[in-house]
Amino acid sequence: DAHAESCLGVRKQLSEYIPPDSKLIVDLGCGDGDGAAATARMYPGAKVVGIDASPFMIVAGRRQNRDCANLEYRHQLAEETFIPSNSVDTVTLTLVLHECSDEGKRGILKEAFRILRPGGTIVLIDTPQSDLFTFRGFYEPWKHQWVHFNATQFLTEAGFETVIDH
């Protein structure tokens with residue numbers, strides 16, 4: 001089922017799972033920054049960093065979210081952020097992993113684990129696995145790997161100890 005507010009609604013809902021005391025929040029694979037901006041607006045006392053591999057998405061995000069003074073965009077890979085280890089309170093990952101090979105997923109989750117401080121939180125939401133075999137998933141290159149994706153297994157392999165599925 002689609003969210004009533006489309007992707008932005010999903011991103012706002014994702015932000016509700018961020019611990020309220022987070023001071024540094026990193027959105028890996030932020031795309032045009034709508035999710036990072038929703039988070040920045042919900043947590044004005046936090047610094048939010050949106051990271052994306054596409055320079056075009058970074059430009060679009062900066063342009064359409066100029067009102068978010070606490071939001072910074074960085075043109076980098078989610079697998080190699082150059083953010084210091086153990087420095088981030090919360091990492092968000094929205095609609096990214098289904099776009100990646102299993103190797104890519106592992107790299108992104110390992111980087112998320114590396115940059116999170118001990119006790120930090122990762123919040124992740126993605127496309128339902130069955131959805132990619134409809135018209136919407138027709139062009140998704142990694143759909144055959146995504147259908148077998150087990151979030152708990154991948155997160156545990158990356159070093160996460162407590163995984164809660166909502």
Are the side chain of [X] and the backbone N or O of [Y] linked by a donor-acceptor pair below 3.5 Å?
{"X": "Arg62", "Y": "Val59", "answer": "no"}
{"X": "Tyr43", "Y": "Ile18", "answer": "yes"}
{"X": "Asn65", "Y": "Cys68", "answer": "no"}
{"X": "Ser101", "Y": "Gly104", "answer": "yes"}
{"X": "Asp89", "Y": "Gly120", "answer": "no"}

[X] versus [Y]: any side-chain heavy-atom pair under 4.5 Å?
{"X": "Ile51", "Y": "Cys30", "value": "no"}
{"X": "Phe160", "Y": "Leu116", "value": "yes"}
{"X": "His98", "Y": "Lys143", "value": "no"}

For residues [X] and [Y]: do they belong to one hydrophobic cluster (side chain heavy atoms under 4.5 Å, members Ile, Leu, Val, Met, Phe, Trp, Tyr)?
{"X": "Met57", "Y": "Val26", "value": "no"}
{"X": "Leu155", "Y": "Trp146", "value": "yes"}
{"X": "Leu24", "Y": "Phe113", "value": "yes"}

If every non-hydrogen atom of [X] is compared with every non-hydrogen atom of [Y], which pair is closest and at what distance?
{"X": "Asp32", "Y": "Tyr73", "value": "O-OH, 4.0 Å"}
{"X": "Gln145", "Y": "Cys100", "value": "OE1-O, 4.5 Å"}
{"X": "Val48", "Y": "Ala40", "value": "CG2-CA, 3.7 Å"}
{"X": "Gly50", "Y": "Ala36", "value": "CA-CB, 4.5 Å"}

To the nearest 0.5 Å, what is the distance between NZ (Lys23) and CG (Asn70)?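 Reported to 0.5 Å precision, the distance equals 11.0 Å.
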Do Asp52 and Gln76 meet the criterion of a side-chain donor-acceptor pair at a distance under 3.5 Å?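 There is no such pair between these side chains.
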Can you name the one residue among Asp27, Ile115, Thr121, Leu124 that meets side chain to side chain contact (heavy atoms under 4.5 Å, CB included) with Val91? Ile115
Evaluate Arg74 against Thr81 for side chain to side chain contact (heavy atoms under 4.5 Å, CB included), listing each step before the verdict. CA-CA 9 Å; Arg74 295 185 188 173; Thr81 63; over 6 Å; no
Kindly write out the residues that satisfy ring pair (Phe, Tyr, Trp, His ring centres under 6.0 Å) with Phe56, not counting sequence neighbours, or none if the list is empty. none
Could you give me the CA-CA distance, side-chain angles and deciding distance for Ile108 and Leu93, then say whether side chain to side chain contact (heavy atoms under 4.5 Å, CB included) is met? CA-CA 9 Å; Ile108 291 168; Leu93 205 58; 3.8 Å; yes
When Arg106 is tested against each of Glu157, Glu79, Glu111 for salt bridge (Lys or Arg N to Asp or Glu O under 4.0 Å), which residue passes? Glu157
For the pair Phe149 and Phe154, name the ring-plane relationship: parallel under 30°, tilted 30 to 60°, perpendicular over 60°.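 Ring orientation, 0 to 90° scale: tilted.
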